[in-house]
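Note that the structure is predicted; figures quoted are calculated from it, not measured.
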Amino acid sequence: MRCAARRGPKGGRSRPGECTGDYRDIATTVHVEGNMAETDIYLLGRGEAEVERLKRQVMTLAVDSEAQLDRIGIQQGERVIDIGCGPGGALHLLAERVGAAGSVLGIDRGRHFVELARRFAVDRGLSQVEVREGDAYATRLPKASFDGAHLRLLLVNVPEPERIVREAVSLVRPGGWVASFEADYVPHCFDPPLPAWTRLLAAYAAHAHAQGIDLSVGRRIHHLFRNAGVIDVHVDAIVHVFPNGHERRSFPLSLIKNARDALVEGRFVTREVLDADIEALEDYLSRPDVQVISNLFFRLTGRLPQQEQRRAGPSAS
């Protein structure tokens, strides 16, 4: 259901219009001062449920991430940065490729995530990994100081992804590489379809839109990186079908549960409807005859032009 939004005073937040149903689609403005966002927005939050989900994701996404990193040809001794590393993410995969002579710097804005990522590195003996608290929009790190920059499932959870892409690209030396692994939630579905999931995803999408977040950013990352000056861009997309018992089969449920309070507080859904639809989703996911199809994952790799190419102008890639 779509509902109109009335614009507030100039420079202020828009106010939602009257809505006669349970779900609505409203927009809000993310105010920015200088290079720093006023509000730290991470769509899935940083509570313990999200921490546990991200820890599981370290393993469940490893194979897909390894295939992406392998095609880059990362060399031993390289210095790379992982922006939005979370409590571990792909730090171990990057560390394996740069070796003991290289270095991996993980950056995350959440202090708790940073502490967990440091513990993640120590527990695995990754002495070449350092993790710092930092702002992906403005890292304040020296420009062109890394051989490569990596981002995984960051842009789909934050507003203004183009600013983060520009910052990431600016940190990479001429001739260096970038890698982005991003989602597009639109294809995430079940067969047979479940009306409760359709409603829940609509509420979640409205919640994301209200914070300026694009759940389909994955399909746009090729434009974002090209516009930031990246050449030799290569993108592929992957999708999975999760059988009964697979850990990722429960992702739709954890997605909604992590945002449960925000969905109600933002009035994207009533508590009663939300609880009923979550119960229906839980029951549905337990059925072996239900096919769960993942969202699309877009994997981008590219490189920065050498100084000579920059002077000659943008590539036609």
E279, CD: over 12 other non-hydrogen atoms inside 6.0 angstrom: no
H188 meets the side-chain hydrogen bond (donor to acceptor under 3.5 Å, both in side chains) criterion, sequence neighbours left out, with none
Going by the rule ring-ring contact (aromatic ring centres under 6.0 Å, His included), which residues pair with H246 if we only count those two or more places apart in sequence or in a different chain? F242
Does any part of the side chain of L224, heavy atoms only, come nearer than 4.5 Å to the side chain of L300, both counted from C-beta? no
For R118, enumerate each residue passing the salt bridge (charged side-chain N to carboxylate O under 4.0 Å, His left out) test, keeping only those at least two apart in sequence or located in another chain. none
Can you tell whether the side chains of D135 and R140 come within less than 4.0 Å, N to carboxylate O? no
Can you tell me if E130 and S103 form a side-chain donor-acceptor pair at under 3.5 Å? no
Tell me, which pairs form a ring pair (Phe, Tyr, Trp, His ring centres under 6.0 Å) where one or both residues lie in residues 148-171, sequence neighbours left out? none
Tell me which pairs pass salt bridge (Lys or Arg N to Asp or Glu O under 4.0 Å) where either residue lies in residues 73-85, with sequence neighbours left out. none
Mutual orientation of the aromatic rings belonging to H92 and F120 [parallel < 30°, tilted 30-60°, perpendicular > 60°]: perpendicular
Backbone N/O of L155 and side chain of E182: donor-acceptor pair under 3.5 Å: yes
So, R271 and D261, do they make that salt bridge, N to O below 4.0 Å? yes
Among pairs that include at least one residue of residues 236-246, which meet salt bridge (Lys or Arg N to Asp or Glu O under 4.0 Å), considering only residues two or more places apart or in two chains? R71-D236, D236-R299
So, the side chain of S250 versus the backbone of L253: is there a donor-acceptor pair under 3.5 Å, distance only? no
